[in-house]
Amino acid sequence: MRFVQEPFSDENLAFFREMDKTKKTVILGIESSCDDTSAAVICNGLLLSNVTATQYVHEKYGGVVPEMASRAHEQNIIPVVHEAIVASGIDKKAIDAIAFTRGPGLMGSLLVGTSFAKGLSLSLGVPLIDVNHLQGHILAHFIDEPDTDTPHPRFPFLCLLVSGGNSQIVLVKAYNDMEIIGQTIDDAAGEAIDKCAKVMGLGYPGGPIIDKLARQGDPEAFVFSKPNIAGYNYSFSGLKTSFLYTLRDLTKENPCFIEEHKADLAASIEYSVVSILMKKLKKAAKDLGIKEIAIAGGVSANNGLRAACREAAAKYHWNLYIPKFSYTTDNAAMIAMAGYYKYLDRAFCDISLPPYSKVTFDR
Ligand code: KG4
C-alpha cells in the first residue's frame, strides 16, 4: 500500500488547504523516541487527548537503559494508544492520518512506535506521516487547548531547543521549513547538567533536582570554564570537566564539601549553562534582527533559563514563547501537531520508511 503521492502542484496543495479548512482533520500522534510512551489526538490543531506512560524502571540505573526502554514501550503502547483514542471522544474510524516519531532517538524505542504506527495505518487504511522529534518540540508552540487562548509565535522565529540530547538554535521560517543555525559540537546542555548532578550524587534525571536546589543557592559561588566557540554553536564538555575537577580538588580538602555546598554548586552550574545558552541566543536574535523567540525541549522547563529569557525579552523587546511544562518533556501532542501541518502539505510517507537515531533536519 502506498500513500505517498508526490509531487503535488502548488495549485493542488492550495485546493487541499481550502478543503481542509471546512473539514475536521483528526491526527493520531505516537511518540516513543526515548523513555516515554505517548499517544495524542489532535483535531485541526486542537488537542483532544494526550496520554503518556513514563518509564520509572531506569531510575535506579542513573540513566535510560535502551533495552529496558524498548521492552517497556512494547508493554505500554497498546494501552496508551487505546486510552488516547477513548479520552479524545472520537471513533478510531475518524482518524485521518497517523503521525509517528521517526527520529532522532533510541533505535529500539523508535522501532516500537514506528512499527505500531505502520500496523495501525494498514489496519485503518489511513496515511502515515513521519515526524522529526525536534521539529515536534518546536511545533508544540502551536497546540491549541480547549478553553485556553495560547499565543503562537509568528514566522520567522528563533527557537532555542534544549534537551538531554540536543542543544540547538533553530530558525523557523514556516511550519515545515526550519534551519539549524547553531548546535552543540559535543554534549547537550541537559546531558551536561545530568552528568554534574550524577557527580554530586543526586538522582536521575538530575536536571529537575539541580533546578530545585539552585533556587536556594548562590549562582556566583563557583566559576567554571566557559567555551569559546565560533558562530551560534555550543560546547558543554569543557564545563562538565571543569565542574568535575573543581569537585575533585575541593573534596580532597573536605570530604563533606559537596553535601555542605549542594545548593551553591547547583546554582553555579545552572547559571553557567544558562549563560552559555543565552549568549548565543541573544547573538542570533541580534544578528538576524528577529524578536520572536521561543524555547523548547526538556531543559526549557528550567526556572533559571525561563527567568533569563524573560529578562532578555524585557531588555530587547522580544515576544517570548515559553512552553507549558507538560510540553517540555516528550509527548505525542507535539508529534500529532507536527503531523497535522505535514498533513496539510500532503507530506505522507511510505510504509517502508525506517526510523533514524541521529540528529538531522534533512529528513
Ligand atoms: O526533551 P527531553 O525530555 O528528552 C530528550 O532529551 O529528548 O529532555 C530531558 C532533559 C534531561 O537532561 C533533564 O535533566 C532535563 O531535560 N530537564 C531539566 C529540567 N527538567 C528536565 N533540566 C534543567 N531543569 C529542569 N527543570
Side-chain angles (χ1 to χ4, degrees), residues 31-38 50 52-56 58-59 62-64 66 69 101-107 109-110 113 131-141 159-168 170 183-184 187-200 202-215 217 219 234 236 239-240 265-278 294-309 322-335 338 355-360:
E31 154 67 28
S32 73
S33 63
C34 189
D35 58 344
D36 290 304
T37 320
S38 186
N50 186 29
T52 302
T54 301
Q55 304 174 3
Y56 296 103
H58 310 285
E59 268 173 16
V64 177
T101 304
R102 186 178 166 208
L106 298 172
M107 189 46 89
S109 293
L110 289 165
V131 172
N132 180 311
H133 179 81
L134 305 177
Q135 294 181 342
H137 267 302
I138 295 169
L139 294 178
H141 281 286
C159 186
L160 175 68
L161 179 55
V162 267
S163 69
N166 308 285
S167 297
Q168 299 161 335
V170 181
Q183 61 185 324
T184 182
D187 295 344
E191 190 181 351
I193 295 178
D194 289 345
K195 292 257 168 68
C196 293
K198 197 170 179 181
V199 175
M200 286 172 67
L202 305 174
Y204 171 84
I209 306 169
I210 292 278
D211 189 350
K212 209 167 160 201
L213 278 172
R215 307 282 68 81
Y234 289 117
F236 291 99
L239 173 68
K240 203 178 66 184
L265 284 167
S268 301
I269 191 68
E270 181 191 277
Y271 179 71
S272 301
V273 171
V274 169
S275 312
I276 295 169
L277 289 173
M278 291 307 294
I295 57 173
V299 182
S300 70
N302 182 265
N303 285 290
L305 178 62
R306 287 173 171 232
C309 284
I322 293 182
K324 265 181 74 174
F325 282 109
S326 52
Y327 298 140
T328 60
T329 50
D330 292 345
N331 66 87
M334 66 187 197
I335 303 304
Y356 55 86
S357 56
K358 291 253 165 61
V359 176
T360 176

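We count ligands from 1, going down the list as the structure has it; atoms in each ligand are counted the same way. Because only heavy atoms are used, hydrogens play no part in the values below, and waters and symmetry mates are left out as well, while side chains stay in.
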Tell me: protein heavy atom nearest atom 15 (C) of ligand 1, and distance?
Val299 CG2, 3.9 Å
Just jot down the ligand 1 atoms closer than 4.0 angstrom to any heavy atom of Gly165, in number order.
6 (O)
Under the 3.5 angstrom rule, does the side chain of Glu31 hit a backbone N or O of Ser38 as a donor-acceptor pair?
no
Could you check whether any side-chain N or O of Ser163 sits under 3.5 Å from a backbone N or O of Gly297, counting only pairs where one atom can act as donor and the other as acceptor?
no
Among Leu110, Val131, Leu134, Ile335, which residue satisfies the side chain to side chain contact (heavy atoms under 4.5 Å, CB included) criterion with Ser33?
Leu110
Looking at non-hydrogen atoms alone, which of Gly190, Gly298, Gly207, Gly304 comes nearest to atom 21 (C) of ligand 1?
Gly298
Only heavy atoms of Pro205, strictly under 4.0 Å: list the atoms of ligand 1 that pass.
14 (O)
For ligand 1, which atoms, with element, lie under 4.0 Å from some heavy atom of Asp330?
1 (O), 2 (P), 3 (O), 4 (O), 7 (O)
Counting N and O atoms only, with roles assigned by atom type, does the side chain of Arg102 sit under 3.5 Å from a partner on the main chain of Tyr356, one being a donor and the other an acceptor?
no
Of all the non-hydrogen atoms in the protein, which one sits nearest to atom 24 (N) of ligand 1, and at what distance?
Asn302 ND2, 3.0 Å
State whether the side chain of Asp211 and the backbone N or O of Asn303 hold a donor-acceptor pair below 3.5 Å, judged by distance alone.
yes
Can you find an N/O atom of Gly164 closer than 3.5 Å to an N/O atom of ligand 1?
yes
Proximity flag Cys34 to ligand 1, non-hydrogen atoms under 4.0 Å:
no
Within a distance under 4.0 Å of any heavy atom of Ala301, pick out the atoms of ligand 1 and give their elements.
20 (N), 26 (N)
Heavy-atom donor-acceptor pair, Asn331 side chain to Thr329 backbone, under 3.5 Å:
yes
Answer yes or no: does an N/O atom from Thr329 fall short of 3.5 Å to an N/O atom of ligand 1?
no
Could you see which bit of Asp211 sits under 4.0 Å from ligand 1, with heavy atoms only: side chain, backbone, both or neither?
side chain
Under 4.0 Å, heavy atoms only, figure out whether ligand 1 is touched by the backbone of Asp194, its side chain, both or neither.
side chain
Non-hydrogen atoms of His141 and Ala294 that approach each other most closely:
NE2-CB, 3.7 Å
For residues Leu277 and Phe236, determine if any side-chain heavy atom of one lies less than 4.5 Å from a side-chain heavy atom of the other.
yes
Taking the non-hydrogen atoms of His137, is any one of them nearer than 4.0 angstrom to ligand 1?
yes
Is there a donor-acceptor contact under 3.5 Å from the side chain of Thr101 to the main chain of His133?
no
